[in-house]
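Remarks on the structure that follows.
In the text below, chain A, chain B and the rest are named by the order of the sequence lines, each starting its count at 1.
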2 protein chains.
Amino acid sequence: MADDVFKALADPTRRRILDELTDRTGQTLFEICGRLVTKHGLGLSRQAVSQHLAVLEAAGLVSTRREGRYKFHDLNTAPLEHIVTRWLGPKTPQTPQTPQTPESTP
Amino acid sequence: MADDVFKALADPTRRRILDELTDRTGQTLFEICGRLVTKHGLGLSRQAVSQHLAVLEAAGLVSTRREGRYKFHDLNTAPLEHIVTRWLGPKTPQTPQTPQTPESTP
DNA sequence: TTGATAGGCAAGTCATTGCTTGCCTATTGT
DNA sequence: ACAATAGGCAAGCAATGACTTGCCTATCAA
């Protein structure tokens with residue numbers, strides 16, 4: 001579940017793709033390829049980007065819709081919302097580092 | 001920078017370790033090992049956990065302090081705060097999926 | 001109908017990574 | 001002093017992952 005989201009976010013190229021979809025949602029595979037090449041210096045094959053998009057879609061971060069021969073990719077930020085709150089305390093933003101002793105000191 | 005944070009969060013065992021440090025900060029290596037074995041069924045060697053802690057420390061998610069022969073591990077949630085906001089719009093939590101046409105249609 | 005465009009599938013390569021094993025150092029208790 | 005405890009270092013292994021190459025299908029324009 002959230003496992004796929006973390007794995008999807010692990011790769012820097014996939015994060016770039018999310019950046020591009022944040023800038024402009026509903027892009028096709030070739031558009032994303034072009035942007036990764038021109039805006040960032042990434043030299044990637046089309047299949048590489050396609051596989052990255054598959055990972056992002058499996059994580060629920062990208063949803064796709066087909067129209068004719070085009071396949072548009074839309075960003076879905078929903079899986080990102082409650083991921084990190086797992087470790088951020090509900091009220092305490094900074095745990096004040098209370099020094100503690102080991103659990104069992106035999 | 002944030003690159004290391006995402007890579008650190010990619011592994012499920014490392015996320016378990018963060019869970020354990022959230023439950024009780026300032027644990028030693030052996031304590032974390034014990035908890036991973038008993039609470040979750042993970043059969044891990046001491047070195048495996050040690051290497052995971054090294055990755056977490058390199059990402060800034062865990063800070064360590066030495067006292068005698070003990071080394072205490074403290075959770076640091078600071079790097080987690082501004083990571084995901086990169087894709088979450090500043091005001092719009094849900095982008096309403098406006099359908100768009102390809103950039104260049106020759 | 002033919003060719004160009006947009007995309008998919010599958011096998012293969014190469015680097016990374018998670019984990020183990022073995023040995024070594026430092027601190028503490030008796 | 002000696003043994004037990006807490007941890008570190010480094011080489012090795014097996015599995016995953018990112019990327020490429022090659023070929024194949026579907027849609028649209030001429």
Side-chain angles (χ1 to χ4, degrees), chain A residues 3-18 21 26-37 40-59 62-74 99-106, chain B residues 3-18 21 26-37 40-59 61-74 100-106:
Chain A
D3 214 273
D4 300 316
V5 179
F6 283 111
K7 281 212 169 180
L9 293 176
D11 188 81
T13 304
R14 282 195 286 268
R15 291 192 298 259
R16 292 288 183 192
I17 292 176
L18 292 184
L21 289 181
Q27 292 188 63
T28 69
L29 171 60
F30 275 57
E31 284 176 298
I32 297 171
C33 279
R35 287 202 170 200
L36 290 178
V37 172
H40 323 86
L42 306 180
L44 287 163
S45 74
R46 177 178 57 88
Q47 278 76 3
V49 181
S50 178
Q51 286 164 9
H52 281 309
L53 286 171
V55 175
L56 289 170
E57 190 174 5
V62 163
S63 58
T64 61
R65 54 191 154 95
R66 243 220 145 111
E67 284 179 26
R69 66 175 153 176
Y70 296 116
K71 187 180 181 184
F72 301 105
H73 300 264
D74 295 299
Q100 299 181 357
T101 55
E103 271 182 324
S104 59
T105 36
Chain B
D3 214 272
D4 300 317
V5 179
F6 284 112
K7 280 210 171 182
L9 293 176
D11 188 81
T13 304
R14 283 196 286 270
R15 292 192 297 262
R16 294 286 184 192
I17 293 176
L18 292 184
L21 289 181
Q27 292 189 64
T28 71
L29 172 60
F30 276 57
E31 285 176 297
I32 298 171
C33 280
R35 287 202 169 202
L36 290 179
V37 171
H40 322 86
L42 305 181
L44 286 164
S45 76
R46 178 179 56 84
Q47 278 77 1
V49 181
S50 179
Q51 288 164 9
H52 281 309
L53 286 171
V55 175
L56 289 171
E57 190 174 5
L61 290 165
V62 162
S63 59
T64 61
R65 53 193 156 92
R66 241 216 147 116
E67 284 179 26
R69 67 173 153 176
Y70 297 115
K71 187 179 182 184
F72 301 104
H73 301 264
D74 295 299
Q100 297 182 358
T101 55
E103 271 183 325
S104 56
T105 36

Between [N] ([atom2]) and [X] ([atom1]): distance, integer Å:
{"X": "Leu53(A)", "N": "dA18(D)", "atom1": "CG", "atom2": "P", "result": "13 Å"}
{"X": "Phe6(B)", "N": "dG17(D)", "atom1": "CZ", "atom2": "P", "result": "18 Å"}
{"X": "Leu42(B)", "N": "dG18(C)", "atom1": "CG", "atom2": "P", "result": "14 Å"}

Exercise. Hey, does Arg35(B) have a side-chain heavy atom less than 4.5 Å from the side chain of Arg16(B)?
Worked result: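 Arg16(B) vs Arg35(B): side chains apart.
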query: Can you tell if the side chain of Thr64(B) reaches within under 4.5 Å of the side chain of Glu57(B), non-hydrogen atoms only?
result: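 Yes, close enough: below the 4.5 Å cut-off.
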Go through the steps for Leu56(A) and Leu21(A) under the test side-chain contact (heavy atoms from CB on, under 4.5 Å), then give the verdict.
CA-CA 12 Å; Leu56(A) 289 170; Leu21(A) 289 181; 5.7 Å; no
Polar pairs (N or O, both sides) under 3.5 Å between protein and nucleotides 22-30 of chain D?
residue : atom : partner  : partner atom : Å
dG22(D) : O6   : Gln47(A) : NE2          : 3.3

Main-chain N/O of Ala8(B) paired with Arg14(B) side-chain donor or acceptor, under 3.5 Å:
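Indeed, once roles are kept as given, a pair shorter than 3.5 Å links the two residues.
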OP1, OP2 of [N] versus side-chain N and O of [X]: anything below 4.0 Å?
{"X": "Ser50(A)", "N": "dG7(C)", "value": "no"}
{"X": "Ser45(A)", "N": "dC19(D)", "value": "no"}
{"X": "Lys71(B)", "N": "dG8(D)", "value": "yes"}
{"X": "His52(B)", "N": "dT17(C)", "value": "no"}
{"X": "Thr28(B)", "N": "dA6(D)", "value": "no"}

I need the [X] [atom1] to [Y] [atom2] distance, nearest 0.5 Å.
{"X": "Phe30(B)", "Y": "Ile32(B)", "atom1": "CZ", "atom2": "CD1", "result": "11.5 Å"}
{"X": "Ile17(B)", "Y": "His40(B)", "atom1": "CD1", "atom2": "NE2", "result": "10.5 Å"}
{"X": "Leu44(B)", "Y": "Gln51(B)", "atom1": "CG", "atom2": "CD", "result": "10.5 Å"}

Kindly point out which of [options] is positioned nearest to the side chain of [X]?
{"X": "Arg14(A)", "options": "dG8(D), dT20(C), dA18(D)", "result": "dA18(D)"}
{"X": "Leu29(A)", "options": "dA10(D), dG7(D), dG7(C)", "result": "dG7(C)"}
{"X": "Phe30(B)", "options": "dT20(D), dG7(D), dA18(D)", "result": "dG7(D)"}
{"X": "Gln51(B)", "options": "dA11(D), dG7(D), dT16(D)", "result": "dA11(D)"}

- How far apart are the C-alpha atoms of Gln27(B) and His73(B), what are their side-chain angles, what is the distance that settles it, and do they pass the side-chain contact (heavy atoms from CB on, under 4.5 Å) test? CA-CA 5 Å; Gln27(B) 292 189 64; His73(B) 301 264; 5.6 Å; no
If you measure only the distance, is there a donor-acceptor pair under 3.5 Å linking the side chains of Ser50(B) and Gln47(B)?
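Ser50(B) vs Gln47(B): no donor-acceptor pair found between side chains.
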**Message:** Angle between the end axes of the helix from dT1(C)-dA30(D) to dT30(C)-dA1(D), five pairs per end, to the nearest 10 degrees?
**Reply:**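 Rounded value for the end-axis angle: 20°.
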